[in-house]
Amino acid sequence: MTPLPRLNLLVLRVQDLEKAVALYRAIGLTFRPEQHGSGPIHYSANLAGLILELYPRTAQMPSSSGTRLGFTVDTLDQRLAELTRLGAKVLTPPQASPWGRRAVVQDGDRHTIELIESEQ
């Protein structure tokens with residue numbers, strides 16, 4: 001049987017690389033700087049086999065705004081407080097949903113981030 005396709009890479013283009021790294025670290029991601037050949041310095045996080053890369057946005061690399069991401073987090077209120085402190089805009093405040101307690105924010109580059117609290 002042929003294995004199904006598996007998503008292994010997601011690239012977001014951001015205006016302020018350091019600000020974006022700080023915001024996604026507040027969700028709990030661990031980044032490392034990378035540079036491939038003469039390409040731009042960017043940041044990479046490995047999420048159980050899915051590589052999330054944050055690249056600087058340039059005229060040659062258009063915006064990825066409008067992309068929606070979802071993360072399961074340990075403590076929704078704590079993560080949400082840190083994200084708003086770092087400039088994320090709350091689109092949907094914490095509330096019960098069919099998937100668990102959930103909130104939705106938008107980062108400074110207009111990527112939508114859904115956070116669902118882990119039931120642990």
*What pairs with H42 under ring-ring contact (aromatic ring centres under 6.0 Å, His included), at least two apart in sequence or on another chain?*
H36, Y55

Looking at every heavy atom in both [X] and [Y], which two are closest together, and how far apart are they?
| X | Y | value |
| --- | --- | --- |
| L86 | L23 | CD1-CA, 3.8 Å |
| T30 | A45 | O-CB, 3.2 Å |
| I41 | P56 | O-CD, 3.5 Å |
| Q35 | G39 | NE2-O, 2.6 Å |

_Under the ring-ring contact (aromatic ring centres under 6.0 Å, His included) definition, can you give me all pairs with a residue in residues 65-94, not counting sequence neighbours?_
none

*Can you run down the ring-ring contact (aromatic ring centres under 6.0 Å, His included) pairs that involve residues 72-117, sequence neighbours left out, and say none if there aren't any?*
none

What pairs with [X] under side-chain contact (heavy atoms from CB on, under 4.5 Å), at least two apart in sequence or on another chain?
| X | answer |
| --- | --- |
| S38 | none |
| Q95 | T92, P93 |
| Q106 | K89, L91, R110, T112 |

*Please indicate whether R32 has more than 12 foreign heavy atoms, meaning atoms of other residues, nucleotides or ligands, lying under 6.0 Å from its CZ.*
no

*How about Q78: does its CD atom have over 12 heavy atoms from other parts shown lying under 6.0 Å from it?*
no

_Any residue meeting salt bridge (charged side-chain N to carboxylate O under 4.0 Å, His left out) with R25, in chain and number order, not counting sequence neighbours_ =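 Partners of R25 by the salt bridge (charged side-chain N to carboxylate O under 4.0 Å, His left out) criterion come out as none, since no residue qualifies.
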
*Applying salt bridge (Lys or Arg N to Asp or Glu O under 4.0 Å), which residue pairs with at least one partner in residues 46-56 are found, sequence neighbours left out?*
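Residue pairs with at least one partner in residues 46-56: there are none.
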
Listed by chain and number, what are the side-chain hydrogen bond (donor to acceptor under 3.5 Å, both in side chains) partners of [X], not counting sequence neighbours?
| X | answer |
| --- | --- |
| N46 | none |
| S63 | S65 |
| R6 | none |

Using the rule that Ile, Leu, Val, Met, Phe, Trp and Tyr join whenever any side-chain heavy atoms are under 4.5 Å apart, tell me whether [X] and [Y] fall into a single cluster.
| X | Y | answer |
| --- | --- | --- |
| V73 | V105 | yes |
| I27 | L17 | yes |
| I116 | I113 | no |

_Backbone of R101 reached by a side-chain donor or acceptor of E117 within 3.5 Å_ =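 No, E117 side chain to R101 backbone: no donor-acceptor pair under 3.5 Å.
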
*Evaluate salt bridge (charged side-chain N to carboxylate O under 4.0 Å, His left out) for E82 paired with R85, printing each intermediate quantity in order.*
CA-CA 5 Å; E82 183 65 11; R85 185 187 72 75; 2.7 Å; yes

*Pairwise distance OH(Y24) to CG(L69) - rounded to 0.5 angstrom*: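 Going from OH on Y24 over to CG on L69, the span is 5.0 Å.
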
Got a list of side-chain donor-acceptor pairs under 3.5 Å for residues 9-16, not counting sequence neighbours?
unit_1, atom_1, unit_2, atom_2, d
Q15, OE1, R57, NE, 3.4
Q15, OE1, R57, NH2, 2.5
D16, OD1, E18, N, 3.4
D16, OD1, K19, N, 3.1

*How about I51 and N8: do any of their side-chain heavy atoms sit closer than 4.5 Å?*
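No, their side chains stay 4.5 Å or more apart.
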
